[in-house]
Every structure is written in C-alpha cells, then in structure tokens.
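One structure is given here, and the rest of the page talks about it.
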Amino acid sequence: VHSITTVSKVSVEAGKSISIPCLYESQYIDHVKYLCKGHTWGYCRYAVKTNKPDPSGKYLISDDKIQKIFTVTINELTDKNTKYWCVVEIDNGKDYGQYFQLLVISGTPSVYVDHQRITGYIGENITIRCHNSNSGAMKWCRLDRNCVTGSFGSTDGTTVTAYMRDSNVFTVTMSGLHSEDSGWYLCAEGDIQIPVYLNVTEKPIKSEYCKLSNILHVNEFNTFINLNVTEKPITSTTTAGNNTCKKKKS
Ligand SMILES: *[C@@H]1O[C@H](CO)[C@@H](O)[C@H](O)[C@H]1NC(C)=O
C-alpha cells in the first residue's frame, strides 16, 4: 500500500503563505514529486513539480531526500484554490497522492503559530506557543510519529512538556534538543493542524567569546613583539582589527 503522510486541514489567513510537508516512503526518493490542485483526484492539475518550477512564483516545492519529506509552499493564499494533493509520480504507472485542504479565512486562523519555521540549539530548550480559538484539546506531534497531548511526554527521546496557558494557548517546551529533533511537527486541535519546521543547530559562539579571543590574540602578539623586536621602535598600533570570530572545532 502506497502512503504519503501530510496534514488534513490547515487554517490559514488570506494573503499569507503556508508550507505543507508531505512525507513519502523511501523507495520513492528519486521520483518526481508534485502538488496537484483540485478537489477530485482524477481531475487535479499540477501546480508545481520538483522538476518543473512554477514561473509565477505562487507555488514552491523542495525535496528533502534525507528526511524523505517534500515541502510545498503556497503564497498569496486566496479562497479560490484550497484543495490540493501531495503526489509522487510513478513512471509507467498511476501516480499516487494524498489530499489536504486549506481553510482560508480573512481573519486570524483558528489554529496557528507565530512562526512556521523555528530554530533551536543543541542541548537547549525551545518553547512553541500554538494558538487556538476553538478551546478544544490540543496535541503536538512529530509528523507521522507520536504525539504529546497532556502535560508530559516525549518525541524521540527529547522531553516535551505541554500545557494550556489559559484556554487558548497550548505551550509546548522541548528540552535538551538533539540534532535529530530537526524536522516537521504538527500542532493540532481536532482535524485542524498547523505544521511547524524545527531546525536544531549548534549554537553560534557568543560575542563575549569573540571579544575575549581577540584580546588574547592582541596580547600574545604584543608579547611576541616585545620579546623579539629590539632594534626598531614599534610605530604602528596593533588592534584586534576586523577579524571575524571563527567557530572553534571541538
Ligand atoms: C538550519 O539552520 C542552519 C544554520 O542557520 C542553516 O545553515 C540550515 O540551512 C538550516 N536548515 C534548514 C533545513 O532550514
């Protein structure tokens, strides 16, 4: 049985953009993927393919072959085109697709996050606030994996705590992030979901460290000059200059 995992319904604001992840099976890594527009599978028309960009720029597609997820982005949302399929193309066979629907409204979406793409740092925590205007039970799920519904749980070994801060904000904290936590998550209430991409990276070295390392380099340089240069007086002053602070390999 073929399967693509994606959202079912996403509440979005007219005029804005939305990115939707479509998870596929490993045997289709090298296949063409596309977004098909239309309510009925037999009559949908492609909007963008991984090998055919949309010249208008309304639709974008990218394929992460490591996570086996292709992502479609739809810009300038309107209530005209709201029914789509994530599709894997099959040479000499029937393509297969998974349906999803956008609920385009002119006001605030019923389930939303402030940012669809967020960055966390290895070993640190990240908090996601998921807003909900329906006050139903909410959950936080890794796409196609386990969900955290109540107060405490985990997704792939990272501790997740989640609670409703007042009746409309579901607050999710993921503690002690690993690089493997990078990927797509869904915040959901009933059958309405909002996908969130978490990028877990190494924390950039703090500017305090840069300042300190530059000072140390200057001092070392001065010591070197004092010990070795005896004839000529030093005419130019040494400064830390515009050295960029490079990350140290650990
Ligand atoms: C994750 O963040 C890093 C560092 O900012 C960036 O280089 C990388 O492209 C990001 N990855 C994705 C998939 O957005």
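Order of listing sets the numbers, starting from 1, for every ligand and every atom in it. If you read the sequence from its start, that first residue is 1, and numbering goes on from there.
- In this structure, W85 and W41 have tilted ring planes: the angle between them lies in the 30° to 60° band.
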The test is side chain to side chain contact (heavy atoms under 4.5 Å, CB included); show your working for T6 and I20 and say whether it passes.
CA-CA 7 Å; T6 186; I20 305 289; 3.3 Å; yes
I'd like the atom pairs linking ligand 1 to the protein - N or O on both sides, separation under 3.5 Å - with distances to 0.1 Å.
residue: ligand 1; atom: 2 (O); partner: N199; partner atom: ND2; Å: 2.4
residue: ligand 1; atom: 11 (N); partner: N199; partner atom: ND2; Å: 2.9
residue: ligand 1; atom: 14 (O); partner: N199; partner atom: ND2; Å: 3.4

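- Side-chain atoms of S110 and S133 include no donor-acceptor pair closer than 3.5 Å.
- With a 6.0 Å radius and a threshold of 12 heavy atoms from other residues, nucleotides or ligands, K65 has its NZ atom above the threshold.
- For K9 and F100, the positive end is not near the middle of the six-membered ring at less than 6.0 Å and at most 45° from its axis.
- Between Y84 and Y59, the side chains place a donor N or O and an acceptor N or O closer than 3.5 Å (distance only, hydrogens not considered).
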